[in-house]
Amino acid sequence: MKQTEQYVRQATRGLWGRARHELKTELEGHIAERCQEFRLSGLSAAEAERQTLRELGAPVQVSRGMLDVYTAPALGKVGVLSALVATAVFSALPQGLAQVQSIYGSFPNIGPTSYLNFGQLKAAIEKAGGKVSGTAKNATFSLPGASTARGFTDSQWPGVSLVQGGKSYYQTDALLYALAVNRTSLRLSGWVNPVLKAGGANIQIETDDWQMINSLYTSTLSSAGLGLVNDFRIPYAVIEPGSLRGQLGFRGEFQKAAVYALVIPKLVSWTGMDAKGKSVGGFLNLLNTTAQAQAGSVQFHVPPDFKDYKLYSNPSEFLKALEPYQQLVTAPVAQWNAQHPAPVLLLKLSGHFGPDAYTIVSPGSVKKQP
C-alpha cells in the first residue's frame with residue numbers, strides 16, 4: 001500500500017518523536033479498517049485504498065488537524081482524528097443535495113434498528129419544496145408529487161422517535177412504511193451516502209455503515225412481497241450489530257457498483273403479532289445481506305457458520321422449499337446441513353420500492369469464490 005505510506009508520511013509531517021509515532025499508528029489503523037470495509041462491500045484492494053484516501057481529503061488538511069491536537073490540549077487525539085474523518089466524509093458528498101445523518105444500533109426495548117436525524121430530514125424535505133409538520137413524536141410528511149403522509153406515534157410504533165445527544169431522530173422503517181402506505185414513489189440509489197428519492201424529494205442519507213445501508217435495501221425487498229407464503233409473510237430477521245462475521249463471495253457477470261442481495265432463511269423460533277393484533281409465530285425468518293459489486297464479483301457478509309446452501313432460480317421454488325420449515329414440529333431438521341441445505345436467492349436490486357425491486361441472478365451464471 002504505497003499510496004497509504006506516502007499519504008501517512010505527508011499527513012504526519014511537522015510532528016516528531018512519540019507524537020508522530022502515535023498519530024501515525026492511529027491513522028494507519030483507521031485506513032486499514034476502512035479499506036477492509038470497502039473490500040467487504042466488493043471493491044478490490046486498490047479501489048478500497050483509493051476510496052479511503054479520497055474520503056480523508058488532502059494530506060495537508062489532515063496534517064493541520066493533527067497539529068491541532070498539540071496546540072489545543074483540550075481535544076483528545078481520538079476526538080480530533082474522528083472529527084477530521086467526519087469532515088472529510090461529509091466534504092466528499094455530492095453538493096446540491098440535503099444530507100441527513102443516520103445511526104444504526106441495538107436499542108433498549110427496540111432491538112437493532114436505524115434512525116434518521118429528524119431536523120435534517122425536515123430540512124431536506126422542505127428544501128425540495130415539501131413540508132414536515134409536528135415533532136418526531138407526531139410528524140406529518142408532505143412531499144412534492146405525493147399526498148400528505150401521517151407518521152406514527154410511539155403508541156402506534158414503539159420507538160418511532162429517539163433523542164440522542166440532544167437531537168431528535170425518526171425511525172427509518174417507520175418513515176418508509178408511512179410513505180409507502182401513502183403510495184409515495186420511493187427509490188434508493190447508491191451505496192456510501194445513498195440517495196432516497198421520495199416523491200419529488202431527493203434525500204441523501206449520510207452513512208457508510210454497511211448495517212444501515214443493508215437495512216435500507218432490505219426495506220425494498222419487503223415492499224416487493226418477497227417471503228409471502230400462502231398469505232403468510234415470513235418476517236425479515238433483524239441483524240444484531242457485528243453479528244455477520246463470515247464472508248461468501250461469487251464470481252460471474254456482476255455489474256460494477258450495482259447492488260446485490262443474498263436472501264438466507266434462518267431457522268429460529270419467533271413469536272409476534274400480526275396487523276390485527278393476533279398472536280403469530282414460527283420457526284423461520286429471512287436474513288437479507290446486501291453488497292455492492294465490483295466488475296465480475298461480489299462478496300457478502302454472512303453468519304460465521306453458514307456453509308450449506310442451494311441457490312434457487314425463482315421465488316416460487318424458493319418459497320416451496322421453505323414451506324416445511326415454517327413450524328418447528330414440521331421442520332425436517334433444526335439446522336441446515338449438507339443433506340438439507342438452506343434454500344437461497346441471489347438477487348440484483350433496482351432500489352425501487354415495489355414489485356420490480358429485484359431480478360434473480362441465475363445460479364448457473366455464478367460460481368462460488370474459493
Side-chain angles (χ1 to χ4, degrees), residues 97-104 107 110-111 113-164 167-190 193-207 212-228 233 235-236 238 272-277 288 349-358:
L97 290 177
Q99 290 91 24
V100 180
Q101 292 177 338
S102 64
I103 54 177
Y104 184 95
F107 300 90
I110 301 172
T113 191
S114 63
Y115 287 86
L116 300 174
N117 183 301
F118 183 74
Q120 293 179 344
L121 175 64
K122 180 179 179 179
I125 291 174
E126 292 178 348
K127 181 178 180 180
K131 182 180 179 182
V132 177
S133 303
T135 67
K137 293 183 177 181
N138 58 356
T140 298
F141 304 94
S142 300
L143 287 85
S147 56
T148 299
R150 186 173 298 278
F152 299 96
T153 64
D154 275 310
S155 60
Q156 297 170 318
W157 191 299
V160 68
S161 62
L162 173 76
V163 176
Q164 190 172 91
K167 298 178 180 179
S168 294
Y169 290 83
Y170 197 84
Q171 194 176 116
T172 311
D173 286 342
L175 172 67
L176 296 175
Y177 187 78
L179 295 177
V181 168
N182 196 52
R183 300 186 182 278
T184 303
S185 175
L186 299 171
R187 182 177 292 276
L188 187 68
S189 61
N193 306 314
V195 175
L196 175 65
K197 182 175 177 60
N202 289 324
I203 303 168
Q204 182 137 47
I205 300 173
E206 184 187 342
T207 183
M212 175 68 190
I213 298 167
N214 187 71
S215 175
L216 288 167
Y217 277 105
T218 296
S219 296
T220 71
L221 287 182
S222 299
S223 72
L226 184 62
L228 191 64
R233 186 180 299 279
Y236 277 86
V238 292
M273 298 181 67
D274 63 15
K276 298 180 179 180
N288 181 60
L349 305 185
S350 69
H352 187 246
F353 287 69
D356 61 343
Y358 67 90

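Heavy atoms only: backbone and side chains are in, while hydrogens, waters and symmetry mates are out. The model shown is predicted, which means the values in this text are computed figures rather than measured ones.
Every residue two or more places apart in sequence or in another chain that forms a side-chain contact (heavy atoms from CB on, under 4.5 Å) with Ala357 is listed here: Thr220, Ala224. Under the side-chain hydrogen bond (donor to acceptor under 3.5 Å, both in side chains) criterion, Thr135 pairs with Asn138, not counting sequence neighbours. Thr172 is linked by a side-chain hydrogen bond (donor to acceptor under 3.5 Å, both in side chains) to Ser114, counting only residues two or more places apart in sequence or in another chain. Residues forming a side-chain contact (heavy atoms from CB on, under 4.5 Å) with Thr148 (at least two apart in sequence, or on another chain): Thr140, Ser142. Applying the ring pair (Phe, Tyr, Trp, His ring centres under 6.0 Å) test to Phe353 and every residue at least two apart in sequence or in another chain returns nothing. In this structure Glu126 satisfies the side-chain contact (heavy atoms from CB on, under 4.5 Å) test together with Lys122, sequence neighbours excluded. Here Ala128 pairs with Pro144, Ala201 under the side-chain contact (heavy atoms from CB on, under 4.5 Å) rule; sequence neighbours left out. Residues meeting the ring pair (Phe, Tyr, Trp, His ring centres under 6.0 Å) test with Tyr217, sequence neighbours left out: none. Among residues two or more places apart in sequence or in another chain, the side-chain hydrogen bond (donor to acceptor under 3.5 Å, both in side chains) test is passed with Asn117 by none.
Phe141 and Tyr170 have perpendicular rings, their planes meeting at more than 60° on a 0 to 90° scale where under 30° would count as parallel.
Among residue pairs with one or both ends in residues 175-188, those qualifying as side chain to side chain donor-acceptor pair (under 3.5 Å) are Ser147-Asn182; sequence neighbours excluded.
Put simply, the side chain of Ile203 does not reach to within 4.5 Å of the side chain of Val195, judged on heavy atoms. For the pair Gln171 and Thr113, the minimum side-chain heavy-atom distance is below 4.5 Å. The side-chain heavy atoms of Tyr104 and Ser215, taken from C-beta on, include a pair separated by under 4.5 Å.
Among Leu216, Ile205, Asn193, Ile213, the one residue that satisfies the side-chain contact (heavy atoms from CB on, under 4.5 Å) test with Ser102 is Ile205.
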